[in-house]
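Shown next, in structure tokens, is the structure this report addresses.
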Amino acid sequence: MADLIVSVVMGSESDWDTLSPAVDILQRFEIPHEARVVSAHRTPERMVEYALEASGRGIEVIIAGAGGAAHLPGMIASLTQVPVLGVPVRSQMLAGIDSLLSIVQMPAGVPTATFAIGPAGATNAALFAARILALHDSELAHKLALYREEQADKVIAAKLPPRGA
Ligand code: RP5
């Protein structure tokens with residue numbers, strides 16, 4: 001695999017707890033990646049530079065997390081052809097509903113995928129990135145199939161405690 005394939009980017013250091021599960025998944029599947037903080041409103045020039053250079057740096061999928069007005073994923077998607085997977089970060093005031101609606105409601109023409117609010121969304125964004133990459137990587141496809149089996153095995157092995165215990 002190349003040196004860098006997936007870039008995980010977030011609007012603030014405070015988003016790390018939400019986005020770190022995406023990095024855990026990328027590590028688990030040995031997918032070359034990086035994680036960065038780039039703010040659409042606090043460092044707009046840096047965001048433009050990041051998005052314009054992404055493809056040339058070998059990045060094939062971007063996972064972008066942001067909270068509140070959450071314009072980072074959509075703005076990056078407007079500046080690159082690299083697929084952007086948006087992760088809404090839970091906000092303090094509106095519990096992430098603002099982040100979700102901001103990312104999911106992209107006007108037609110600039111596709112920006114949107115996942116669930118919070119760490120579950122980050123996990124699934126990384127798994128989705130892995131599925132995209134697995135289209136051209138049979139070893140990765142095999143690892144994903146095993147992961148899926150593990151999920152199923154956990155459900156099958158689940159034992160509930162007796163009632164009243
Ligand atoms: C957004 O504003 C970030 O994505 C973050 O979720 C939210 C709050 O940022 P901080 O004030 O914690 O830096 O840009």
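Just so we're clear, the structure is a prediction, and the values are computed from it rather than from any experiment. One-based numbering along the sequence shown. Start at 1 and go down the list; that is how both ligands and their atoms are numbered.
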With the criterion set at N/O pairs under 3.5 Å, what does the list of contacts between the protein and ligand 1 look like, atom names and distances included?
unit_1: ligand 1; atom_1: 4 (O); unit_2: Asp15; atom_2: OD2; d: 2.6
unit_1: ligand 1; atom_1: 4 (O); unit_2: Gly67; atom_2: N; d: 3.0
unit_1: ligand 1; atom_1: 6 (O); unit_2: Asp15; atom_2: OD1; d: 2.6
unit_1: ligand 1; atom_1: 6 (O); unit_2: Gly67; atom_2: N; d: 3.2
unit_1: ligand 1; atom_1: 11 (O); unit_2: Arg42; atom_2: NH2; d: 3.2
unit_1: ligand 1; atom_1: 12 (O); unit_2: Ser14; atom_2: OG; d: 2.6
unit_1: ligand 1; atom_1: 13 (O); unit_2: Ser12; atom_2: OG; d: 2.6
unit_1: ligand 1; atom_1: 13 (O); unit_2: Arg42; atom_2: NH1; d: 2.7

With sequence neighbours excluded, tell me which residues meet ring-ring contact (aromatic ring centres under 6.0 Å, His included) with His41.
His71
Selection residues 4-25 - residue pairs positive for ring pair (Phe, Tyr, Trp, His ring centres under 6.0 Å), sequence neighbours left out
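Of all non-adjacent pairs touching residues 4-25, none passes ring pair (Phe, Tyr, Trp, His ring centres under 6.0 Å).
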Can you find a side-chain donor-acceptor pair between Tyr50 and Thr43 that sits under 3.5 Å?
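Short answer, no.
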Ser91 side chain vs Gly96 backbone, donor-acceptor pair below 3.5 Å
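Yes, the answer is positive, given that a donor and an acceptor are paired below the 3.5 Å cut-off.
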Pro73, Ser78, Pro111 screened by side-chain contact (heavy atoms from CB on, under 4.5 Å) with Val84, the one that passes
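Running side-chain contact (heavy atoms from CB on, under 4.5 Å) over Pro73, Ser78, Pro111 with Val84 returns exactly one hit, Pro73.
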For Val155, what are the other residues in its hydrophobic cluster, where any two members join if their side-chain heavy atoms are less than 4.5 angstrom apart?
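Result for Val155 is none, singleton.
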